[in-house]
There are 2 protein chains.
Amino acid sequence: MLQEPILTGSQNCEECPIRHRAVCARCETDELQRLEEVKYYRRFEAGQPIIWCGDRMDFVGSVVLGVASLTQAMEDGRTQMVGLLLPSDFVGRPGRAVAAYDVTATTDVLMCCFRRAPFEALIEDTPHIAHRLLEMTLDELDAAREWMLVLGRKTAREKIASLLSIIARRDAMLHIRREDGPVVFDLPLTREAMADYLGLTLETVSRQVSALRKDGVISLEGKRHVTVPDISRLLEEAGDDMDGGLIS
Amino acid sequence: MLQEPILTGSQNCEECPIRHRAVCARCETDELQRLEEVKYYRRFEAGQPIIWCGDRMDFVGSVVLGVASLTQAMEDGRTQMVGLLLPSDFVGRPGRAVAAYDVTATTDVLMCCFRRAPFEALIEDTPHIAHRLLEMTLDELDAAREWMLVLGRKTAREKIASLLSIIARRDAMLHIRREDGPVVFDLPLTREAMADYLGLTLETVSRQVSALRKDGVISLEGKRHVTVPDISRLLEEAGDDMDGGLIS
DNA sequence: GATTGGCTTTGACTTAGATCAAGTTGGGAC
DNA sequence: GTCCCAACTTGATCTAAGTCAAAGCCAATC
């Protein structure tokens, strides 16, 4: 089902749809060479845990194919997804040996991993990579803060629209797409996972998805295949200003 | 009201209660010397804006005294605080010229600022500082994600207890304090600011603070001066496991 | 082709927190 | 002192979303 990704030393980070944002071949060919020695791929099936909070973690990596999620749980079972990991997103924290969150494969996932120690050594003496990592982390921080607004202040309907916007936008980054045409994608999340991301119950998610469908904001084929006829209508429903800063 | 901070080149980041975590004198005396040339202080009165979202921002800095807040606003006026800036917290993003959030002085604030261009140059050729900045950013990301759980899944009472825990913990870092004694601090936020941080209304905040007082979890002198007789009781109310990971 | 079991939808009812509307408090200006 | 005003509290009501319960819908398996 998953194919091995094509990722050669000559690949250009601007053109390659599946970018290892932390290790860009265009800029750091030599360093990438060093990393090739400690690079390996891992597959996970949909629903499988990638790592549990508290586990020892001796790799960092990035998602190549599929979708994974970062979640936090309270003792009584309430859970909150705190990050959605789409292709090119980075997992793991240099300098930390223990996972802070549960990481779960939401769809089938292919991850590209690097052993942590050599990766940290690389950061140590390759300022350029450290710099890029800082930039990525700052982007993630912005995304997390954007999501705090969603969680704290938006209505259920706006939350759903916000989530669909994010997925549509990230999906559009991977595919070449005509301007202003309808956006089509498959939801990589169950209703329950959506609820965990949005701080809702799965019933409310289901009701609001149905409502958006009835109102013509989206249309559904099956339960997961979504068509958005007018993306700006969706952004409006999400309560965002049109400049679109959801994921920077 | 605010006094000029003592911040000499010989100051040790481990001992000094007001630390510029980004530029630690102990580790980077020479580099700090370079920064001294572009360093300046700015004061803000309680309630004043420090910078508006969208404004050009040609400095970075850190809070020395007081409390500031990062907030995001929707067009219809709903607002969500996305960060609480306590002494030693960093403001601004290297590589970004435009502010992404509104920054407001919640109490009287003294900030230590550096012009952005020289600061970025320093990062560029001082890997150690870049590394520290990455670590700080990762910590902030963890804090933001912890807060996503608060916003998405906790009840109003748990939210209040979580906020009080954070302030108590950060406050305890600034003062030497007996183990297990009562924790005493002044709330640096109005009820409205608390509501904006917690995704609640100010009325709900007021009610839940009163409830925690009635139940003996906290006691109040005036409206802002808080005594927590048993900090572990407060953490329990916050729904946290006892290991205390709210701010790493 | 029937059966199972995950998802998902939909309905009826409940509730935590929002909203609206008075009051109260307390510190600073005069 | 008293007046003022912003910050806060408290009460009454409303509502969006949660809870509980019962079907529905595939896709995989027997």
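Below, each value reflects all heavy atoms present in this structure, side chains not excepted, and no hydrogens, waters or symmetry copies. Order of the sequence lines sets the chain letters (A, B, ...), proteins ahead of strands, with each chain counted from 1.
In this structure, the nucleotide among dT8(C), dT25(C), dT10(C) sitting nearest to the side chain of Lys223(B) is dT25(C). Of the candidates dT19(C), dA17(D), dA18(C), dT19(C) carries the atom nearest the Glu203(B) side chain, counting heavy atoms from C-beta on. Side chain of Ala156(B), nearest nucleotide from dG18(D), dT10(D), dG17(C): dG17(C). Checked against dT19(C), dC8(D), dC7(C), the side chain of Arg207(B) finds its nearest nucleotide in dT19(C).
Separating the CD atom of Gln208(B) from the P atom of dT15(C) is a distance of 17 Å, rounded to the nearest angstrom. Rounded to whole Å, atom C1' of dA16(C) lies 16 Å from atom CG of Leu151(B). Computed from coordinates, the Lys154(A) NZ to dA18(C) P distance equals 18 Å when rounded to whole Å. Spacing between atom CG of Asp186(B) and atom P of dA7(D) amounts to 17 Å, rounded to whole angstrom units. Leu198(B) places its CG atom 11 Å from the P atom of dG17(C), with the value rounded to the nearest Å. Rounded to an integer number of Å, the gap from Met194(A) CE to dA17(D) P is 15 Å. As rounded to whole Å, 15 Å separates atom P of dC8(D) from atom CG of Leu200(B). One atom, CG of Leu220(B), and another, C1' of dG26(C), lie 15 Å apart when rounded to the nearest Å.
Comparing Glu192(B) and Thr201(A), the nucleotide of DNA chain D nearest to each residue sits closer to the 5' end for Glu192(B).
In summary, Glu237(B) and Arg233(B) engage in a salt bridge, as defined by a charged side-chain N under 4.0 Å from a carboxylate O. Using a 4.0 Å cut-off between a side-chain N of Lys or Arg and a carboxylate O of Asp or Glu, Asp89(B) and Arg170(B) qualify as a salt bridge. Of the charged side-chain nitrogens involved, none lies within less than 4.0 Å of a carboxylate oxygen, so that Asp186(B) and Lys223(B) do not count as a salt-bridged pair.
For Thr204(B) and dA16(C), the shortest distance from a side-chain N or O to OP1 or OP2 is not below 4.0 Å. The side chain of Thr155(B) places no N or O atom within less than 4.0 Å of a non-bridging phosphate oxygen (OP1 or OP2) of dA16(C). Between Arg224(B) and dC8(D), a side-chain N or O to OP1/OP2 separation shorter than 4.0 Å is present.
Geometrically, Arg42(A) engages Phe59(A) in a cation-pi contact defined by less than 6.0 Å to the ring centre and at most 45° from the axis.
Gln208(A) places no side-chain N or O within 3.5 Å of a backbone atom of Val205(A) that could act as its donor or acceptor partner.
Residue-level contact check: Leu202(B) touches the bases, meaning some heavy atom is under 4.0 Å from a base atom. Residue Ser206(A) is in base contact, counting any heavy-atom pair closer than 4.0 Å across all strands shown. Across all strands, Gly199(A) comes closer than 4.0 Å only to sugar-phosphate atoms, never to a base (heavy-atom distances).
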